[in-house]
> 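Okay, handing you the structure first.
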Amino acid sequence: MCGITGYIGGDKTTDVLIDGLRRLEYRGYDSCGLAAVDSKNSLYLKRVSGRVDALDKLVAEDPVKGARAGVGHTRWATHGAPSEDNAHPHTDCSGQVVVVHNGIIENYLELKDRLLASGHKFRSETDTEVIAHLLEEKLRSLNVQAAAVRSDLLEPVFFEAFRRTVGDLKGSFALSAVWSRCPGMLLAARMHSPLVVGLGEDENFIASDVSAFLKYTKRVVFLNDGELAAVRRDGVDYYNFAGKKTAKDSVTIQWDSTMAEKGGYKHFMLKEIHEQAEAVENTLRGRLLPLGGDILRTEVGLSAADLKAFSSVQFLACGTAHHAGLVGRALFENFGIPAYADVASEFSDRAKLTGKGALVVAVSQSGETADTLFAVREAKASGARVLAITNTVGSTLTRESDYVLYTHCGPEIGVASTKAFLGQLAAIYLLAGHFAAARGRLPGGDARRYAEDLLKVPRLIEETLEKEKEIARVAETFSSSDHFLFISRHVNYPIALEGALKIKEIAYVHAEGYPAGEMKHGPIAIIYKGMPVLAIAPSGRALELMAGNIEEAKARGADVVAVVDPSSRKLVKASRYITLPEVSELFSPLLTVIPLQIFAYYVALAKKCDIDKPRNLAKSVTVR
Ligand code: G6P
């Protein structure tokens, strides 16, 4: 759950590394560091406990001279507290070898004992440091005779030592190493953690994801599990772990580096909230009509006959993506298609029950969430086919799934997911529409109407976003509340969960999302005078019961904020209203979640929370 960067080329090494680390901070941000080889082939190393800004300052105070290769790292602690000692890069005893790593080395204790016994001195509590010492050991065993050897002649030795080191590791790693005696080559390896190579002109890059080097190049090569890269200034060679050379194709990434910047908004989260109409539009474009036809076959590989044949649909995901899965379940069930939704980390036993006929839909913005990947592997082992809904081209999930339906949201930097959620919902509505039409559940003109209504949603999202100031005012009145309750029913019940999750994540307050009908079975007891209750009550079949549940909450003193549309507003008696444009109940989650995101944002803003990087959280969770 860390970000790594690497660079080899001109003399802007530390600038490139720091710039990349800034863009990767969403992957973890409790400490960071960089290392480079200077013009005298000595190792330059700077690390801080804290953010990249502090590292930048440190480097500016004592700049490196003539560095043309280096690696950087931003960390989210897994082994060892977030401290300077535990910050990467880690070095060996000689101070010549330096390593950055994302992932977990499962056999590190065993390796560490062995290395300690042979005299190695450890300076950190991390699992990563064993890699540096192991590499030192392998270099020694290859019997490198010091000074006389030209650095380029050492490249095969460095490569072989690195390859053998990687061979001893168990667990997950995206790894890069530099050896100060061999500054013309940077080595990288991947196993269960993301790693990409960026191809420049007379310079090359590596990183955990492309946003780190998009400013310099859009040409990238995705490493697969079990692959190594030897990165030189003038080219990159790829190998498998056995040392056999492999050919790899590069792809050109369409994302623009300014797309990953804040563009005038105070926080990425707010910017991303405002990008939601576009995210939905881009995800739907060209993929809807004719519903149930073969449109998914060409892009995803699922024919109309496939859609008819699946016995059920099983959603798997974590966090916000799980809430998208829950909406998906309601949607598929609405069309009479058996559907299930589980948090990936609780899937284990159900995997065996999923069966060969099911389509597992794994939803993940990053495509790298360890729990989701693990659950997918379990589902596959039970014979199910897997469709990935993800925002990340080339991510592990895409490579492990049978089918991929991309959301087209652009990079999401805010840790709390917003536009990626809308993109996931759009993809799920798209999929549900095709399933329903292929199975005769949207007869006559209904399929066309479904598609047309869905295509109107981006404009309605824009209209909803115009309510930002009004929602902000409501949020500010509650900014000192310590407890929030979010309630709804049916297709909006997952939105109540998502509203509660958003405010927990970024404003650090206690919040619960509950099915409104279930309140009377317990949660109503926690309601006190003035407690904020956010009730999602658009028009539709759930409205009448919702109106009753709102009354129950009010009778216990709740200060109810009702998310309504002009028609439902007439039926609901709340203390305050947020009125959204009218849309059919089935599509309403695509709108109702937006005021809840904005609400959480402004509560967090009033509380001066670190909105884009909430405490204890990380954007991409690559540990189980
Ligand atoms: C982390 C993030 C959440 C996200 C979840 C799943 O917990 O903080 O915002 O919803 O991971 O991420 P994924 O990339 O799989 O959608």
Side-chain angles (χ1 to χ4, degrees), residues 1-3 24-30 76 78 192-194 208-209 211 267-269 272-273 279 283 315-328 341-347 360-377 386-398 400-401 404-407 409-428 494-495 497-508 513 593 596-597 600-601 604 609-624:
M1 184 114 69
C2 307
L24 292 179
E25 268 194 308
Y26 73 87
R27 300 182 61 85
Y29 35 77
D30 62 39
W76 189 85
T78 52
H192 304 314
S193 285
S208 299
D209 87 40
S211 62
H267 294 96
F268 280 113
M269 182 181 175
E272 288 159 2
I273 286 172
T283 302
F315 289 94
L316 283 180
C318 302
T320 289
H322 170 57
H323 297 154
L326 288 172
V327 174
D342 286 85
V343 282
S345 56
E346 291 293 336
F347 183 61
V360 166
V361 180
V363 188
S364 172
Q365 188 285 129
S366 62
E368 300 294 348
T369 301
D371 287 322
T372 306
L373 291 174
F374 193 84
V376 159
R377 286 169 198 146
V386 178
L387 166 77
I389 292 183
T390 180
N391 195 35
T392 313
V393 178
S395 58
T396 308
L397 181 62
T398 64
E400 299 201 3
S401 301
V404 184
L405 177 59
Y406 284 109
T407 57
C409 305
E412 187 180 68
I413 306 295
V415 166
S417 185
T418 52
K419 67 172 177 174
F421 179 64
L422 264 283
Q424 288 160 355
L425 288 185
I428 289 170
I495 301 304
L497 297 179
E498 178 60 8
L501 177 63
K502 283 282 92 73
I503 202 161
K504 279 188 267 206
E505 281 179 305
I506 61 169
Y508 316 145
V593 70
L596 306 188
Q597 297 166 337
Y601 175 84
C609 297
D610 194 349
I611 292 178
D612 283 335
K613 290 168 187 153
R615 70 183 183 202
N616 304 341
L617 299 180
K619 180 80 185 152
S620 185
V621 185
T622 52
V623 289
R624 287 179 66 208

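As the structure lists them, so they are numbered: ligands from 1, and atoms in each ligand from 1.
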> Roughly how far, to the nearest 0.5 Å, is CZ of F268 from NZ of K619?
11.0 Å

> Here's a test for you: under side chain to side chain contact (heavy atoms under 4.5 Å, CB included), which of I506, I273, I611, I413 qualifies with H267?
I611

> Under the rule for salt bridge (charged side-chain N to carboxylate O under 4.0 Å, His left out), what residues qualify as partners of K613, not counting sequence neighbours?
E25

> Stepwise, does the side chain to side chain contact (heavy atoms under 4.5 Å, CB included) test hold for S211 with L24?
CA-CA 7 Å; S211 62; L24 292 179; 4.1 Å; yes

> For the CD atom of E400 and the OG1 atom of T372, what is their distance to the nearest 0.5 Å?
11.5 Å

> Of all heavy-atom pairs between A324 and L425, which one has the smallest distance, and what is that distance?
CA-CD2, 3.9 Å

> Quick one: table the atom pairs, ligand 1 N or O against protein N or O, below 3.5 Å, distance rounded to 0.1 Å.
| residue | atom | partner | partner atom | Å |
| --- | --- | --- | --- | --- |
| ligand 1 | 8 (O) | A618 | O | 3.0 |
| ligand 1 | 9 (O) | V415 | O | 3.1 |
| ligand 1 | 10 (O) | T320 | N | 3.0 |
| ligand 1 | 12 (O) | T369 | OG1 | 3.4 |
| ligand 1 | 14 (O) | S364 | OG | 3.4 |
| ligand 1 | 14 (O) | Q365 | N | 3.4 |
| ligand 1 | 14 (O) | S366 | N | 2.7 |
| ligand 1 | 14 (O) | S366 | OG | 2.6 |
| ligand 1 | 14 (O) | T369 | OG1 | 3.4 |
| ligand 1 | 15 (O) | S364 | OG | 2.5 |
| ligand 1 | 15 (O) | T369 | OG1 | 2.4 |
| ligand 1 | 16 (O) | Q365 | N | 2.6 |

